[in-house]
Amino acid sequence: MADTEVKKVYEFRQLKADDLFLVLNLVKKINLKSLSNAYRDGLDEIIKQQKDNKKANDKDYAEIGAAMFNVAQVIIERITECKDEIYALLEATSNLSLVQIKDLDIATFITMIKDFVTQKEFTELFTQAIQLFNTEN
């Protein structure tokens with residue numbers, strides 16, 4: 001019988017301004033169009049509210065939860081193309097070193113990626129990062 005519960009040996013710190021550059025590197029490497037298609041439905045309302053200078057609320061973030069899982073799936077599908085960027089982002093924002101991250105079992109590593117991209121802070125940062133690349137109005 002397989003054990004499906006993943007032991008979380010990692011914690012994420014609060015995201016900082018400097019993390020934006022790590023996220024931008026990852027976004028560029030993954031391909032903006034792929035990411036855009038993965039979360040478009042969920043983030044359209046958040047982006048509209050930000051353009052209208054309104055603050056997103058917890059309900060808005062709950063509505064885009066599934067969309068952010070899609071973003072995680074796109075990242076995982078392109079993991080071989082952006083391995084270094086993913087490692088750098090996880091190392092910079094977690095309590096684990098690069099060596100510790102590389103040594104994680106695959107289930108824990110994938111869960112770590114999913115947990116990172118579905119946290120509220122990442123959703124906010126990611127929305128802002130995508131807006132920097134968005135040329136359509």
Side-chain angles (χ1 to χ4, degrees):
M1 187 182 302
D3 184 16
T4 57
E5 188 173 321
V6 174
K7 182 179 177 189
K8 294 185 182 181
V9 295
Y10 55 86
E11 293 178 7
F12 295 111
R13 65 162 170 74
Q14 183 174 4
L15 297 180
K16 300 177 182 178
D18 205 41
D19 298 327
L20 175 65
F21 302 103
L22 294 169
V23 172
L24 289 174
N25 283 338
L26 184 59
V27 167
K28 283 173 40 180
K29 190 86 174 223
I30 289 173
N31 181 328
L32 178 61
K33 188 169 186 154
S34 296
L35 290 173
S36 182
N37 291 338
Y39 74 87
R40 180 169 301 266
D41 292 340
L43 290 184
D44 279 347
E45 183 60 28
I46 297 289
I47 291 169
K48 181 183 178 303
Q49 286 182 3
Q50 288 182 345
K51 285 182 180 177
D52 294 340
N53 218 9
K54 296 178 185 172
K55 189 88 170 148
N57 61 37
D58 288 339
K59 182 179 178 246
D60 295 325
Y61 290 109
E63 291 174 0
I64 64 168
M68 293 313 291
F69 274 112
N70 290 340
V71 170
Q73 182 177 353
V74 170
I75 291 170
I76 290 167
E77 287 171 357
R78 296 184 178 266
I79 208 163
T80 59
E81 300 162 20
C82 47
K83 177 175 84 171
D84 294 337
E85 290 80 3
I86 292 170
Y87 281 146
L89 184 60
L90 293 176
E91 179 185 27
T93 60
S94 78
N95 62 322
L96 301 181
S97 69
L98 180 59
V99 171
Q100 291 171 311
I101 293 169
K102 287 182 175 184
D103 197 41
L104 292 173
D105 64 80
I106 191 70
T108 303
F109 181 66
I110 290 172
T111 301
M112 185 179 189
I113 293 170
K114 287 180 180 178
D115 287 347
F116 182 77
V117 302
T118 56
Q119 65 182 327
K120 183 177 177 179
E121 283 184 321
F122 179 77
T123 302
E124 293 170 348
L125 182 122
F126 189 77
T127 301
Q128 295 297 320
I130 292 298
Q131 285 182 9
L132 288 175
F133 285 108
N134 190 2
T135 57
E136 297 176 9
N137 289 330

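The NZ atom of K114 sits 15.5 Å away from the CD atom of Q119 when rounded to the nearest 0.5 Å. Here the CZ-CG distance, from F116 to L15, works out to 5.0 Å after rounding to the nearest 0.5 Å. Rounded to the nearest 0.5 angstrom, I101 CD1 and Y10 OH are separated by 11.0 Å.
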Let me check something: any side-chain donor-acceptor pairs from residues 82-93 under 3.5 Å, sequence neighbours excluded? List them with distances.
{"residue": "E91", "atom": "OE2", "partner": "L98", "partner atom": "N", "Å": "3.3"}
{"residue": "T93", "atom": "OG1", "partner": "L89", "partner atom": "O", "Å": "2.7"}

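Side-chain contact check for M112 versus L96: some heavy-atom pair is nearer than 4.5 Å. The side-chain heavy atoms of D115 and K8, taken from C-beta on, include a pair separated by under 4.5 Å. Put simply, the side chain of F122 reaches to within 4.5 Å of the side chain of V23, judged on heavy atoms.
The pair D105-K7 fails the salt-bridge criterion, with no side-chain N (NZ, NE, NH1 or NH2) lying under 4.0 Å from an Asp/Glu carboxylate O.
With hydrophobic clusters built from ILVMFWY side chains whose heavy atoms lie under 4.5 angstrom apart, I106 shares a cluster with V117.
Under the rule for a side-chain hydrogen bond (donor to acceptor under 3.5 Å, both in side chains), N25 has no partner lying at least two apart in sequence or in another chain.
The minimum heavy-atom distance between R13 and E121, with the atom names listed, is O-OE1, 4.0 Å.
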